[in-house]
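Lettering of chains follows the sequences in order, A, B, ..., and the numbering in each one begins at 1.
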Amino acid sequence: MFEKERGDIETRLKEYLAGQNVPFEEDFKWSSIPFAGEWGIATSFFQAAASAARADQKVNVPQRAQELAEGAAKALGMPEGFGRVEAVRGYLNLYFVASRYSQRVVDGVLAEGADFGRGERLNRRIMVEFSQPNTHKALHVGHLRNMMLGAALANILEFAGWDVVRANYIGDFGKDVLKWVWNYRKHHNGEQPPEDVTRWMGDLYAEANANLENDPAGEKEIEALFHRWEAGDEEVVGQWRTTRQWSLDGFNQAYDLMGIRFDRFYYESDFEKSGKEYVEELIRRGIARDERPAGPVIVKIDELLGSETEEYRVLVVLRSDNTALYATWDLVLAQRKFKDYPDLDVSLYVVDVRQSQHFKQVFKTLELAGFEPIKKATHLPYEIVNLPGNITMSSREGTIVLLEDFIREAVSRARQVSEESNPELDEKTRAEVAWAVGLGAIKYPLIARDHTKIATFDWESALDFNGQAAPYIQYAHVRANSILRKLDGDLPPGAPPAHDLDLKEVALIESLAAFPQAVQRGAGEFRTLQITNHAFELAKAFNEFYNACPVLNAEADVRAFRLRLVAAARQVIANALGLLGIQAPPVM
RNA sequence: GCCCUCGUAGCUCAAUGGACAGAGCGAUGGCCUUCUAAGCCAAAGGUUGCAGGUUCGAUUCCUGCCGAGGGCGCCA
């Protein structure tokens, strides 16, 4: 929030360095001042000292850095709005007059409201592809990590200033799907799904795998279904379409529940035909090698690159029996995205880490084929969710925690805690609270760790709502709201604080002011972690303030300032939770 | 055999190359007659896997080793 102040000081620091004959071209890096418990900005002179050292050999860098910091402090004097300037161990620390800037932060937050933290529009477009559920299977906790990562990332990017396209790529075709249809025709023909559709779809998928193992004719029959589907056989296509829709309805229900929406849906089945045509083109152009019928159609990427290494290896783009596979579709989908959105600057794939090589291969193949825009494609690999004992969640093995079971348990747990801690609530409100808290609790931990870290799911910690968890943040929001509810009438007008600010007030204000940077950093690094961490730190700062600083009972001036501070804190907590797709309930 | 991640407190995780490596959980001791205790406070807990290198400065970058996981011609 203090770009202008920083900019002015930076200009003067550069003038000072130039006057000292110290070559320094880079920008200064600013951070907050550690240990001080006070509010300010800091920068170091090590880089400048190092470049001075390179110019004339004999300089001791730390010593020179301290000299430069001291000199800079002297040259700077006392800039407007700062109360103290010090040079410590090569650092220049500039302490704000907190009373002066605290009003600016609070007023700024309240004026911008839900837009506080929003970046300027970049006029750059990014597509975030995420979720990618497979029809005829059940959604489980592993899918939830992807959904949350993609959804939160899309929110953060949009808030940071990007034009965002939220894309979903539905796996509605392929061998697994036809396997399901095969089993359905054999053992459940004509059956309608029960109320619990997605669970039933998942159960039948596991059943299909089991039945296939005991059925020697199965593979051939499924292959026959493949060809009937391709030929447009009405019976097979009809059954496929009906059963597929059951899954899609279930997915949409889940998306509604989780508060996730998409701008664009792609379906694997749509790329069956164009994918095969593209493979033929690759064969004609000598990029793909056709080994049918003895082998598949392959792209020997390293060979085409003239490379001796095995970095890219071999991509199979069509099976020997002429059926398409994931790579077939992905080659055309990647191009289709740029056809649909010609102004796309980034095409981001949120897909788990096990497919890293696959995307490397697909992107490189398209590059070899001369499709230039593919250079804007990026795979964002995230680690999967395992069960304790490092057991991978697998629909086939049945080692999964169903999304709906997880949601039900979390909401029920949230209701139970709510009943214990706030018995006054009416039934309708209690139900809303239980949903808001239960859903928040399951979402937060999946995006609060770096996406390169494997997440382990266990019921006990998943249902622990204390400490660094969504309910803690929601609770801070509730407490802020609770104070403001007791205020009859409007907030008092903005005014500089007349009292000496409590350390907890300063820390809270500093955290509010830092939110926009957290948004920019999260967007720049494609990391939801920046926002989950900041939301937690903000809530922590508020809880500590709440504990140390009375608001409603404070004397008039103090009360007026703190009421506005509480309102600002409530706003920023809500903004942060909003980016994460987590509700900020008014009561708990 | 090749490629990619990860390794930080007992556990789960943070830390734009920068000052004294921080949180949560668990364990210990306190705080509800003040705005909701899903909270707060206090003390405890570390050779950042190991060894080198680059740098004024390395948890962060590079190399090697050790350990864990993942991927590698017809799964997605």
Side-chain angles (χ1 to χ4, degrees), chain A residues 29-31 33-35 42-44 46-47 49-50 53 59-65 88-91 93 132 134 171 174-176 268 291-292 295-300 309-321 323 325-327 330 351-358 360-361 381 383-384 386 390 392 396 414 417-418 420-422 424 437 441 445 448-450 452-456 461 464-469 471-472 474-476 478-487 517 521 524-525 529 533 536-537 540 543-544 546-554 562 566 587-588:
Chain A
K29 293 178 193 162
W30 296 95
S31 59
I33 305 170
F35 333 117
T43 192
S44 74
F46 293 107
Q47 290 199 10
V59 186
N60 172 311
V61 169
Q63 192 185 327
R64 187 68 194 275
V88 183
R89 301 174 64 182
Y91 288 84
N93 294 334
Q132 306 110 337
N134 293 314
K175 195 172 169 185
D176 280 344
E268 281 178 0
E291 296 183 342
R292 288 172 296 179
V297 181
I298 57 174
V299 179
K300 301 189 102 174
T309 66
E310 295 186 345
E311 191 183 351
Y312 292 96
R313 306 186 74 97
V314 172
L315 178 65
V316 175
V317 294
L318 197 65
R319 291 196 188 91
S320 53
D321 67 357
T323 55
L325 35 70
Y326 195 45
D330 244 339
V351 182
D352 82 59
V353 66
R354 293 171 298 187
Q355 290 184 46
S356 290
Q357 171 150 290
H358 166 79
K360 233 174 121 177
Q361 293 176 321
E383 270 293 355
I384 57 176
N386 280 345
N390 218 21
T392 305
R396 194 170 303 201
V417 178
S418 170
E420 286 162 13
S421 61
N422 194 353
E424 317 284 288
V437 173
R449 54 163 37 66
D450 198 289
T452 58
K453 295 258 167 61
I454 295 172
T456 303
S461 55
D464 182 0
F465 293 175
N466 297 315
Q468 186 163 5
Y472 176 93
Q474 293 171 314
Y475 186 60
V478 163
R479 282 177 142 181
N481 194 56
S482 182
I483 291 174
L484 295 166
R485 201 176 38 229
K486 291 191 168 61
L487 166 73
Q517 283 125 267
R521 206 177 146 196
E525 299 174 354
L529 179 65
N533 278 356
F536 173 70
E537 278 160 24
K540 190 175 159 70
N543 274 330
E544 290 175 13
Y546 179 95
N547 193 255
C549 304
V551 178
L552 294 170
N553 296 330
R562 286 182 178 167
V566 169
V587 292
M588 276 169 74

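A donor-acceptor contact shorter than 3.5 Å is absent between the side chain of A:Thr323 and the backbone of A:Arg319.
Pair assignment for B:U60: none, as no Watson-Crick or G-U wobble contacts are both less than 3.5 Å.
The existence of a salt bridge linking A:Arg292 and A:Asp321 is excluded, since no basic side-chain nitrogen approaches an acidic carboxylate oxygen closer than 4.0 Å. A:Lys360 has a carboxylate O that lies under 4.0 Å from a charged side-chain N of A:Glu311, or vice versa, which qualifies the two as a salt bridge. Classification of A:Asp352 and A:Arg354 as a salt-bridged pair holds, one side-chain N sitting under 4.0 Å from a carboxylate O. In summary, A:Lys540 and A:Glu537 do not engage in a salt bridge, as defined by a charged side-chain N under 4.0 Å from a carboxylate O.
Here B:A14 is the nucleotide among B:A14, B:C40, B:A37 with the atom lying nearest to any side-chain atom of A:Asp450. Among the nucleotides B:C40, B:U36, B:A19, the one closest to the side chain of A:Arg485 is B:U36. Checked against B:U12, B:C40, B:A23, the side chain of A:Gln468 finds its nearest nucleotide in B:A23. Considering only the side chain of A:Thr452, B:C6 comes nearest among B:A37, B:C6, B:A14. When each of B:A23, B:A38, B:A19 is scored by its nearest atom to the side-chain atoms of A:Ser418, the top-ranked nucleotide is B:A38.
The distance from atom CZ of A:Phe536 to atom P of B:U12 is 18 Å, rounded to the nearest whole Å. Rounded to whole Å, the distance from CG on A:Asn466 to C1' on B:G24 is 10 Å.
Note on A:Gln47: a base of the nucleic acid sits closer than 4.0 angstrom, heavy atoms only. Across all strands, A:Lys29 comes closer than 4.0 Å to base atoms (heavy-atom distances). As judged by a 4.0 angstrom heavy-atom cut-off over every strand, A:Ala50 is placed among the base-contacting residues. In this structure, A:Val437 reaches the bases: a heavy-atom distance under 4.0 Å links it to at least one base atom across the strands shown. Across all strands, A:Leu552 comes closer than 4.0 Å to base atoms (heavy-atom distances). Among the heavy atoms of the strands, none lies under 4.0 Å from A:Leu484.
Considering only heavy atoms from C-beta on, A:Tyr312 stays 4.5 Å or farther from A:Gln357 through its side chain.
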Is there any protein nitrogen or oxygen under 3.5 Å from a nitrogen or oxygen in nucleotides 72-76 of chain B, and what are the pairs?
{"from": "B:C72", "atom 1": "O4'", "to": "A:Gln357", "atom 2": "NE2", "distance (Å)": "3.3"}
{"from": "B:C72", "atom 1": "O2'", "to": "A:Arg313", "atom 2": "NE", "distance (Å)": "2.5"}
{"from": "B:C74", "atom 1": "O2'", "to": "A:Arg319", "atom 2": "NE", "distance (Å)": "3.1"}
{"from": "B:C74", "atom 1": "O2", "to": "A:Ser320", "atom 2": "N", "distance (Å)": "2.9"}
{"from": "B:C74", "atom 1": "O2", "to": "A:Ser320", "atom 2": "OG", "distance (Å)": "3.1"}
{"from": "B:C74", "atom 1": "N3", "to": "A:Ser320", "atom 2": "OG", "distance (Å)": "3.0"}
{"from": "B:C74", "atom 1": "N4", "to": "A:Ala294", "atom 2": "O", "distance (Å)": "3.4"}
{"from": "B:C75", "atom 1": "OP2", "to": "A:Arg319", "atom 2": "NE", "distance (Å)": "3.1"}
{"from": "B:A76", "atom 1": "OP1", "to": "A:Arg319", "atom 2": "NH2", "distance (Å)": "3.2"}
{"from": "B:A76", "atom 1": "OP2", "to": "A:Tyr326", "atom 2": "N", "distance (Å)": "3.3"}
{"from": "B:A76", "atom 1": "O3'", "to": "A:Glu268", "atom 2": "OE2", "distance (Å)": "3.4"}
{"from": "B:A76", "atom 1": "N3", "to": "A:Gln355", "atom 2": "NE2", "distance (Å)": "3.4"}

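For B:G29, the glycosidic angle deviates from 0 by more than 90°, giving an anti base.
In this structure, A:Tyr472 and A:Phe536 have tilted ring planes: the angle between them lies in the 30° to 60° band.
Checking the phosphate oxygens (OP1, OP2) of B:U36, a side-chain nitrogen or oxygen of A:Lys486 falls inside 4.0 Å. Taking 4.0 angstrom as the limit, A:Tyr546 places a side-chain polar atom (N or O) nearer than this to OP1 or OP2 of B:A37.
Judged by ring centres under 5.5 Å apart and planes tilted less than 30 degrees, A:Tyr472 fails to stack against the six-membered base ring of B:A38.
Between the P atoms of B:A23 and B:G29, the separation comes to 22 Å (whole Å).
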